[in-house]
Number of protein chains: 2
Amino acid sequence: MPSHGQYTSPAVEHALAVLETLASAQELGVTELARKLGMGKSSVHRLLATLAGQGYVEKNPQTERYRLTYKLFVVGSTATERYGLKDLAGPVMDRLSAETGETANLGVLEEDRVVNIHKVEGPHLLRLHLDLGRGVPAHATALGKVLLAGLDPNDLDRWLRATRLTRLTPRTLTQRAPLRRALREAATRGYALDDEECSLGLRCVAAPVRDRRGAVVAGVSVSGPSQRLPSAALHRMAARVRAAGLEISRRLGYSGPSDP
Amino acid sequence: MPSHGQYTSPAVEHALAVLETLASAQELGVTELARKLGMGKSSVHRLLATLAGQGYVEKNPQTERYRLTYKLFVVGSTATERYGLKDLAGPVMDRLSAETGETANLGVLEEDRVVNIHKVEGPHLLRLHLDLGRGVPAHATALGKVLLAGLDPNDLDRWLRATRLTRLTPRTLTQRAPLRRALREAATRGYALDDEECSLGLRCVAAPVRDRRGAVVAGVSVSGPSQRLPSAALHRMAARVRAAGLEISRRLGYSGPSDP
DNA sequence: GGGCATTGTTCTTATATTGTGAACGACGTT
DNA sequence: AACGTCGTTCACAATATAAGAACAATGCCC
């Protein structure tokens, strides 16, 4: 077997592995990095030199070890502007946050996680701090549920087979059957809830955002501390969140029905 | 000259170029991308296959063209957590925003741009929308000025020689001499101003954030519309911004003097 | 202070991968 | 129906690659 006919580039995969490893650790030396990746020191060294030449990593002059620069963040952030989603959603989210007094979030599904790409914080002093960018397991959040409910059945089946439903709090749905039920419910009601399934003390309502074809491309949510959001308030808010999701969808060119 | 002894990896550089090009355009086909990069179609195709295999790009099933996923954003965002800066600065910025009623920003210098890594928006309805991530030319912002003022003289000289001072508004400082003067002033006062130099109608005050060695690693700022921030208010606010910068610095282990 | 074990970097080499150009099938248009 | 264009695959020569050994510099421990 001559084994030519390459469909992927090992060098590139290695470079990406270097970036990801560097992202998960704060700072690493060449030897340390090589050990983690199972490669030779000199190979890693050359990859680092390449990445440094392009401005993606740098050597900390103090410790003589390598770390990521902010360039990856800069380049990655532009991916966030797909469809102009952020710009279109921004004003709607401002209003949603003002009306509800809570934090409004915009998120998308990336593999098994929900990635927050925009948030508007409410005026309350007590606020739960959720970082943009850092993903959260989809099955444990309201946003994740509306996004999963928007997948077509085959993709959802594959998703459910492929991902472990890790437990984040005592209330996290870690079994497939209850999660499936929750997703069906989300689909029929047009919104999903998260009752401290992701973080204790945090409740959340989310609604889907659809593009002109009707496909769910993102979700909007409102989240806040349980004390301020008893069950009744949560369901009342759902209408507002759904309206916000619909408005963003309309701006994206969605022309389908307003009811699920 | 045998010319072996490679210090960089062309394949990796090409892959990064693909990512950057894809980031600057929304969606591109293989041929289009190959033309932009001046490479063969098949090379680009293999790179895309590799990047897709790692989850960094995907093919839009509608248009059959390639686009970035959000993974680059996810990985890049973790770079944002260097020093735990965001976590340490968060509460201080919350307070700064609450006290001033305006938007508080945290930024770092990346090449010739200031990258915003965290912001806390004020309660006012009239707000200027500045995205996180997307960089802004350093010479035209208050944050940029404190960060440049924190460079050591050699680095600053190199920076000034290397970068074009592009004009963003009629007030932008596009000459080196006035910029140098502004930087000296920022260094002696401990804060910098931006009077509609970046965007018309936007004013800004910024102060440096220092690590335990005293090096400027970031900046905090408060920004708002000119109508709410007359010159007098701006200078009054400077004290608060400086105090916030100092507090974050202290949390980072800075033990130097509080005055510049 | 001298020796020992790290570290980051450079060199060399066989080998596997890369970039290229051409050819293929599939669409959409003229 | 023929054409242009697209994404994909193929084959091959040229070249970059990954690995291991050797280097100097640094820090550490006895």
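All values below were derived from every heavy atom in this structure, side-chain atoms included, with hydrogens, water molecules and symmetry-related copies excluded. Throughout, a chain's letter reflects where its sequence line sits, starting with A, and its residues are numbered from 1.
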> Heavy atoms under 4.0 Å, any strand shown: does B/S42 hit a base, just sugar-phosphate, or nothing?
Replying inline: base

>> Judged by each residue's nearest nucleotide on DNA chain D, which is more toward the 5′ side, B/E32 or A/K41?
In response: B/E32

>> Please determine whether side-chain contact (heavy atoms from CB on, under 4.5 Å) holds for the pair A/T163 and A/H139, giving the CA-CA distance in whole Å, both sets of side-chain angles, and the decisive distance to 0.1 Å.
In response: CA-CA 9 Å; A/T163 81; A/H139 67 284; 5.8 Å; no

> Counting side-chain heavy atoms from C-beta on, which of C/dT20, D/dA18, D/dT8 comes nearest to B/V30?
Replying inline: D/dT8

>> Rounding to an integer number of Å, can you tell me how far A/L33 CG sits from D/dA19 P?
In response: 13 Å

> Rounded to the Å, how far apart are A/H45 NE2 and D/dA22 C1'?
Replying inline: 15 Å

> For A/L48 and C/dT9, what is the distance between atoms CG and C1' respectively, to the nearest whole Å?
Replying inline: 12 Å

> In terms of the nearest nucleotide of DNA chain D, which residue is placed more toward the 5' end: B/R65 or A/M39?
Replying inline: B/R65

> Of all the nucleotides listed (D/dA18, D/dA16, D/dT8), which has the minimum atom distance to the side chain of A/R46?
Replying inline: D/dA18

>> Counting only side-chain nitrogens and oxygens, does B/Y66 get under 4.0 Å of the OP1 or OP2 atom of D/dC6?
In response: no

>> Tell me the interatomic distance from B/L47, atom CG, to C/dG19, atom P, rounded to whole angstroms.
In response: 6 Å

> For B/E13 and D/dT15, what is the distance between atoms CD and P respectively, to the nearest whole Å?
Replying inline: 17 Å

> Of A/L72, A/L47, A/L51, A/T50, which meets side-chain contact (heavy atoms from CB on, under 4.5 Å) against A/V57?
Replying inline: A/L51

> Whole Å only: how far is the CG atom of A/N60 from the P atom of C/dT7?
Replying inline: 17 Å

> In whole angstroms, how far is the P atom of D/dG27 from the CD atom of A/E64?
Replying inline: 9 Å

> So what does A/T31 hit on the nucleic acid, given a heavy-atom distance under 4.0 Å: a base, only sugar-phosphate, or nothing?
Replying inline: sugar-phosphate

>> Expressed as a whole number of angstroms, how long is the span from B/H14:NE2 to C/dT17:P?
In response: 17 Å

> Is a side-chain N or O of B/R210 found less than 3.5 angstrom from the main chain of B/L252, in a donor-acceptor match?
Replying inline: no

> Do other residues, nucleotides or ligands put more than 12 heavy atoms under 6.0 Å from the CZ atom of A/R212?
Replying inline: no

>> Among A/L143, A/V146, A/L148, which residue satisfies the side-chain contact (heavy atoms from CB on, under 4.5 Å) criterion with A/V114?
In response: A/L143

